[in-house]
Trainee: 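This is the structure I have questions about; it appears just below.
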Amino acid sequence: MNDATHTDAAHSHGDTHGHSFTLRGYVIGFLLSVVLTAIPFWMVMTGSFDPQATAITIIAFAVLQILVHTVSFLHLNSSSEGGWTLMAYIFTAVIVLIVISGSLWIMFHLNANMMPMSGDGGFGS
Amino acid sequence: MSTTALSEDRNADPTFYLVEEDDHHHETGGGTILGFWIYLMSDALIFATLFATFGVLSTSYAGGPTPREIFELPLVALNTAILLVSSITFGFAMIAMQQGKLGGTQLWLVITALLGAAFVGIELFEFGSLIHEGATPQTSAFLSAFFTLVATHGLHVTFGIIWVGVMLVQLAQRGLHVENQRRLMCLSMFWHFLDVVWIGVFTFVYLLGVLR
């Protein structure tokens, strides 16, 4: 029993060494997330801002918040697992962007070209 | 002759295993963390296809209600806050685990699970009131895509809560040994990953939907 707890303690030290679960890291990430969440909700719920500017701002804040979560909560860095988690993350981010923006792009043009009975020739314009 | 070979093998075996264990020791749970990370990335691709579907169909109302008419942002803000707080309470559980405090780990895990349950409860309440108002998944392509995307996330959170329950049983039975620490690290990544997906949901589904 004593031995077991001893090894556990040694392991926990070794295990968490590369992952740095610090109170400071979590609290900073949490406070940043609160700010990055509250501002978009406030902008949309008051509704007193230009919709275009609001849309751009809240998308930018979402991207920022995803990065904050990835670094401070998921503890992604270039050295963990020999850099392979970062490689997988970048690869996934590229695929996600291609899937989402590609789908929207294609379907938007498809919709534009399928516009029924518009009469003013939607193809060339 | 064969016996000597066998005994030699036996002599060789312990050193072999020791080397393995030493490797394991430094590599933070062997390949499990990396493997689980790759699972999360593939899960991210599932959500990407659901987001893409929602994006394409987000204005196909088919005469049904629009986002502005049915979404209640205060409720979504409350849910977002609950999930965000549950993220940091899981962080506190991981810090307690790192310090070898079994009681602290269990306490923070219970709080995290309760917050997760509150999140799922509010989401089910929201779905219930939407369906009550006639905004069912069958109403329009927009609502089909909405329910598919948000419910898939909610289902993930539900399984996360079940996993927390399983870990609480494991911790009560066997304490903070190496295997449980590894499992908790995987669960931690799963939980924080769901919060990352929720950032996309509240931004692209709710906030941009109401703006439109």
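Every chain is numbered from 1 and lettered A, B, ... according to where its sequence line falls, protein lines coming before strand lines.
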Trainee: Taking the six-membered ring for Trp, is the centroid-to-centroid distance between Phe193(B) and Phe73(A) below 6.0 Å?
Mentor: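 Centroid separation for Phe193(B) and Phe73(A): 6.0 Å or greater.
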
Trainee: Give a yes or no on this: more than 12 heavy atoms of other residues, nucleotides or ligands lie within 6.0 Å of atom CZ of Phe49(A).
Mentor: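 More than 12 within 6.0 Å, yes.
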
Trainee: Which answer fits Val76(B), side chain, backbone, both or neither, if we ask what part of it has an atom under 4.5 Å from a heavy atom of chain A?
Mentor: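 For Val76(B), the contact with chain A is made by backbone and side chain together.
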
Trainee: Under 4.5 Å between any side-chain heavy atoms of Tyr26(A) and Met94(B), yes or no?
Mentor: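 Sidechains of Met94(B) and Tyr26(A): in contact.
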
Trainee: Under 4.5 Å heavy-atom distance to chain B, tell me which part of Tyr89(A) shows up: side chain, backbone, both or neither.
Mentor: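 For Tyr89(A), the contact with chain B is made by backbone and side chain together.
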
Trainee: So which part of Val196(B) gets closer than 4.5 Å to some heavy atom of chain A, the side chain, the backbone, both or neither?
Mentor: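 Both the backbone and the side chain of Val196(B) come within 4.5 Å of chain A.
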
Trainee: Step by step, would you call Leu34(B) with Thr85(A) a side-chain contact (heavy atoms from CB on, under 4.5 Å)?
Mentor: CA-CA 6 Å; Leu34(B) 177 59; Thr85(A) 47; 3.9 Å; yes

Trainee: Looking at Leu207(B), Thr203(B), Leu208(B), which one forms a side-chain contact (heavy atoms from CB on, under 4.5 Å) with Val44(A)?
Mentor: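 One option only clears the test, and that one is Leu207(B).
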
Trainee: Where do Ala48(B) and Val96(A) come nearest, in terms of heavy atoms and distance?
Mentor: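 In this case the closest contact between Ala48(B) and Val96(A) is CB-CG2, 3.8 Å.
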
Trainee: Indicate yes or no: at least one non-hydrogen side-chain atom of Thr37(A) is less than 4.5 angstrom from one of Leu84(B).
Mentor: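 Result yes, sub-4.5 Å side-chain heavy-atom pair found.
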
Trainee: Are the side chains of Phe202(B) and Phe41(A) in touch, meaning some heavy atoms are under 4.5 Å apart?
Mentor: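 In short, these two side chains touch, coming nearer than 4.5 Å.
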
Trainee: Tell me, for Tyr206(B) versus chain A, whether the close heavy atoms (under 4.5 Å) come from the side chain, the backbone, both or neither.
Mentor: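 When you check distances to chain A, no heavy atom of Tyr206(B) falls under 4.5 Å.
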
Trainee: How far does CE of Met189(B) sit from NE2 of His75(A), to the nearest 0.5 angstrom?
Mentor: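 The CE atom of Met189(B) sits 10.0 Å away from the NE2 atom of His75(A).
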
Trainee: Is there a side-chain contact between Ile58(A) and Leu211(B), using heavy atoms and a 4.5 Å cut-off?
Mentor: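 Side chain of Ile58(A) against side chain of Leu211(B), heavy atoms only: contact under 4.5 Å found.
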
Trainee: Between CD1 of Ile38(B) and CE of Met87(A), what distance do you get to the nearest 0.5 Å?
Mentor: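 The CE atom of Met87(A) is 11.5 Å from CD1 of Ile38(B), to the nearest 0.5 Å.
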
Trainee: At what distance, to the nearest 0.5 angstrom, does CD1 of Ile100(A) lie from CZ of Phe47(B)?
Mentor: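 Answer rounded to 0.5 Å: 12.0 Å.
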
Trainee: With a 4.5 Å cut-off on side-chain heavy atoms, are Pro51(A) and Arg212(B) touching?
Mentor: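 Arg212(B) does not reach Pro51(A) side chain to side chain.
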
Trainee: Considering non-hydrogen atoms only, spot the tightest contact between Ile88(B) and Phe30(A) and give its length.
Mentor: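 Result for this residue pair: CD1-CB, 3.4 Å.
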
Trainee: Quick one: CG on Leu23(A) to CZ on Phe92(B), what's the gap to the nearest 0.5 Å?
Mentor: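 Separation between the atoms: 5.5 Å.
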
Trainee: If you count heavy-atom pairs under 4.5 Å with chain A, which of Val197(B), Leu40(B), Leu73(B) comes out on top?
Mentor: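 Heavy-atom pairs under 4.5 Å are most numerous for Leu73(B).
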
Trainee: Under a 4.5 Å heavy-atom cut-off, does chain B meet the side chain of Val34(A), its backbone, both or neither?
Mentor: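 Contact with chain B involves both backbone and side-chain atoms of Val34(A).
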
Trainee: Identify the two heavy atoms, one from Thr92(A) and one from Ala44(B), that lie closest to each other, and give their separation to 0.1 Å.
Mentor: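 The pair with the smallest heavy-atom distance is CG2-CB, 4.0 Å.
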
Trainee: At a heavy-atom separation under 4.5 Å, does Phe90(B) approach chain A through its side chain, its backbone, both, or neither?
Mentor: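 For Phe90(B), neither part sits under 4.5 Å from chain A.
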
Trainee: Under 4.5 Å heavy-atom distance to chain B, tell me which part of Leu76(A) shows up: side chain, backbone, both or neither.
Mentor: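 Only the side chain of Leu76(A) comes within 4.5 Å of chain B.
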
Trainee: Report, as yes or no, whether the 6.0 Å neighbourhood of atom OH on Tyr39(B) holds more than 12 heavy atoms from other residues, nucleotides or ligands.
Mentor: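 Atom OH in Tyr39(B) is packed in, count exceeds 12.
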
Trainee: Counting only heavy atoms not in Glu72(B) (residues, nucleotides, ligands), do more than 12 fall under 6.0 Å from its CD?
Mentor: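 Open: at most 12 neighbouring heavy atoms sit under 6.0 Å from CD of Glu72(B).
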
Trainee: Given that the side chain runs from C-beta out, which part of Phe204(B) has a heavy atom under 4.5 Å from chain A: side chain, backbone, both or neither?
Mentor: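 Only the side chain of Phe204(B) comes within 4.5 Å of chain A.
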
Trainee: Which value, rounded to the nearest 0.5 Å, describes the distance between Met97(B) atom CE and Phe21(A) atom CZ?
Mentor: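 Reported value, rounded in 0.5 Å steps: 5.5 Å.
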
Trainee: Where do Val56(B) and Ser103(A) come nearest, in terms of heavy atoms and distance?
Mentor: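 The pair with the smallest heavy-atom distance is CG2-O, 3.8 Å.
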
Trainee: I need the His69(A) NE2 to Asp195(B) CG distance, nearest 0.5 Å.
Mentor: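 So the NE2 of His69(A) and the CG of Asp195(B) are separated by 4.5 Å.
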
